[in-house]
Amino acid sequence: LITVNLCPAPAQTLKPYPPRSRRLRSTSTAGNSIVRSSDIHLPKTLAEALEILEANPEILPVAGGSEIVGSQYDRLIDFPESILSIAKLRELRKTQRTEQFLEVGACTTMTGLLGLPKGTLPSPLGEAIRGIGNLGIRNIATLGGNLCSRRHFMDLWPFLASMDAQIEIRSASVSRWASVYHLADEKGLPALPPRTLVTRIRIPLVSYNFTFFKKIGPRGIPGPENAYFVCLGSIKHGKIDMFKLIFSGAKAFRVKDLEMLLLGRKIEGPLKEIQGIAQSYKQSLEKQDWFDGRIFGGILDECLSRLFTS
């Protein structure tokens, strides 16, 4: 028996089961098995959603739900005990562009991003988005969900972190902006402050004349064998003017000190110096001990080889 309880947000008093809430029960049978029931809260505004989240810190915010469904292969899907549905909140679906950045609501779908007017979406995000799942997945998967996975860094995280994108993090009482990299803790693991939602993402409109990225592992919802290598750079007058390199999967890996060492270097510089920087990258990844260093090393060598022959 699968039971889903739909709980619209209460107007004033916040309790898991407010007396005045309307609860609908949906039932599906599968032999004699019993599946855990789920309570789904349906706020009408962002303010209501944040109040529910404050009162129920263990609740799982869900928009498209592609990660929940895609990570399970049984005939019956097992949902969390308590879900906060935010998919229809208008405040989280707005998009605007200024001269300096593109601001996207967290519940904007991948298809919605690809449907923006030509030239609106900064390169290389379009190509990265088209590599996510299939059309059905992109129709429901959201930008906020892609950034806020609790178990793995998804496809767009390394791109937006490399682009120095900002996220708006809101709770019932506080709103602030932070770097996308704020979603990784000191150990490089996915992290989001409790009782908060990522509501908007600001993507700087910066152009890169060197881009290199490679997706590793099987298609589908990412697992331990999946990772993404992303390197964005800018070359001016034969020198490296900007350089960002992020490798992410089960953990996030970035070495800003090595990025700084490459700035100002000629792309026809001594090969020995470049090999030394590559070796430092490889040794730094080995210390994290979460991915096959040989695979990372091979991709890194290919990336730097292309950069210094640009």
Less than 4.5 Å apart, side chain to side chain, heavy atoms only: is that true for [X] and [Y]?
X: Leu92; Y: Leu46; value: yes
X: Arg97; Y: Leu205; value: yes
X: Ile86; Y: Val62; value: no
X: Leu261; Y: Asp257; value: no
X: Pro190; Y: Arg151; value: no
X: Lys282; Y: Arg294; value: no
X: Glu259; Y: Arg254; value: yes
X: Leu263; Y: Lys239; value: no

Thinking salt bridges, do [X] and [Y] make one under a 4.0 Å N-O criterion?
X: Arg306; Y: Glu302; result: yes
X: Asp185; Y: Lys187; result: no
X: Glu273; Y: Arg265; result: yes
X: Lys94; Y: Glu103; result: no

Quick one: pull up [atom1] in [X] and [atom2] in [Y] and give me the separation to the nearest 0.5 Å.
X: Ser280; Y: Leu285; atom1: OG; atom2: CG; result: 12.5 Å
X: Ser162; Y: Leu245; atom1: OG; atom2: CG; result: 7.5 Å
X: His41; Y: Glu51; atom1: NE2; atom2: CD; result: 13.5 Å
X: Phe308; Y: Leu262; atom1: CZ; atom2: CG; result: 5.0 Å

Specify the closest pair of heavy atoms between [X] and [Y], including all atoms of both residues, with the distance to one decimal.
X: Trp290; Y: Ser248; result: CH2-C, 3.8 Å
X: Thr142; Y: Cys107; result: CG2-O, 3.6 Å
X: Met154; Y: Ser149; result: CE-OG, 3.8 Å
X: Pro204; Y: Pro122; result: O-CG, 4.3 Å
X: Phe153; Y: Ala184; result: CZ-CB, 3.7 Å
X: Glu48; Y: Lys44; result: OE1-N, 2.9 Å

> With under 30° as parallel and over 60° as perpendicular, where do the rings of Tyr181 and Trp157 fit, or are they tilted in between?
Replying inline: tilted
Pair [X] + [Y]: ring centers closer than 6.0 Å:
X: Phe243; Y: Phe210; answer: no
X: Phe291; Y: Phe253; answer: no
X: Phe296; Y: Phe247; answer: yes
X: Phe229; Y: Phe212; answer: yes

> Would Ile83 and Ile59 count as a side-chain contact (heavy atoms from CB on, under 4.5 Å) if you check the C-alpha gap in whole Å, the side-chain angles of each, and the deciding distance to 0.1 Å?
Replying inline: CA-CA 6 Å; Ile83 293 174; Ile59 199 171; 5.5 Å; no
Can you confirm whether more than 12 heavy atoms, excluding those of [X], are under 6.0 Å from its [atom1] atom?
X: Asn134; atom1: CG; result: yes
X: Gln283; atom1: CD; result: yes
X: Gln279; atom1: CD; result: yes

>> Tell me which one of Leu50, Leu53, Ile52 satisfies side chain to side chain contact (heavy atoms under 4.5 Å, CB included) with Pro43.
In response: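 Of all the options given, the one that passes is Ile52.
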>> Given Met163, which partner from the list Val206, Val180, Leu125 fulfils the side chain to side chain contact (heavy atoms under 4.5 Å, CB included) test?
In response: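 By the side chain to side chain contact (heavy atoms under 4.5 Å, CB included) criterion, Met163 pairs with just one of Val206, Val180, Leu125: Leu125.
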>> When you compare the side chains of Ser82 and Asp39, does any donor N or O come within less than 3.5 Å of an acceptor on the partner?
In response: no
Using the rule that two of Ile, Leu, Val, Met, Phe, Trp, Tyr join whenever any of their side-chain heavy atoms come within less than 4.5 Å, decide whether [X] and [Y] are in one cluster.
X: Ile235; Y: Leu258; answer: yes
X: Ile140; Y: Leu147; answer: no
X: Leu116; Y: Leu135; answer: no

>> Using only atom types and a distance under 3.5 Å, with no angle test, would you say the side chain of Asn226 pairs donor to acceptor with the backbone of Pro218?
In response: yes
>> Run the side-chain contact (heavy atoms from CB on, under 4.5 Å) test on Thr95 and Leu102 for me, step by step, so that the C-alpha distance in whole Å, both residues' side-chain angles and the decisive distance to 0.1 Å come before the verdict.
In response: CA-CA 8 Å; Thr95 300; Leu102 173 67; 3.9 Å; yes
>> Show, in sequence, the C-alpha distance, side-chain angles and deciding distance for Lys266 and Ile240, and conclude whether the side-chain contact (heavy atoms from CB on, under 4.5 Å) test is met.
In response: CA-CA 6 Å; Lys266 296 181 179 180; Ile240 299 175; over 6 Å; no
>> Just to verify, which of Lys214, Lys215, Arg130, Arg138 counts as forming a salt bridge (charged side-chain N to carboxylate O under 4.0 Å, His left out) with Asp155?
In response: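 When salt bridge (charged side-chain N to carboxylate O under 4.0 Å, His left out) is applied between Asp155 and each of Lys214, Lys215, Arg130, Arg138, only Lys215 qualifies.
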>> Would Leu60 and Arg150 count as a side-chain contact (heavy atoms from CB on, under 4.5 Å) here? Give the steps.
In response: CA-CA 10 Å; Leu60 179 66; Arg150 299 184 180 187; 3.6 Å; yes
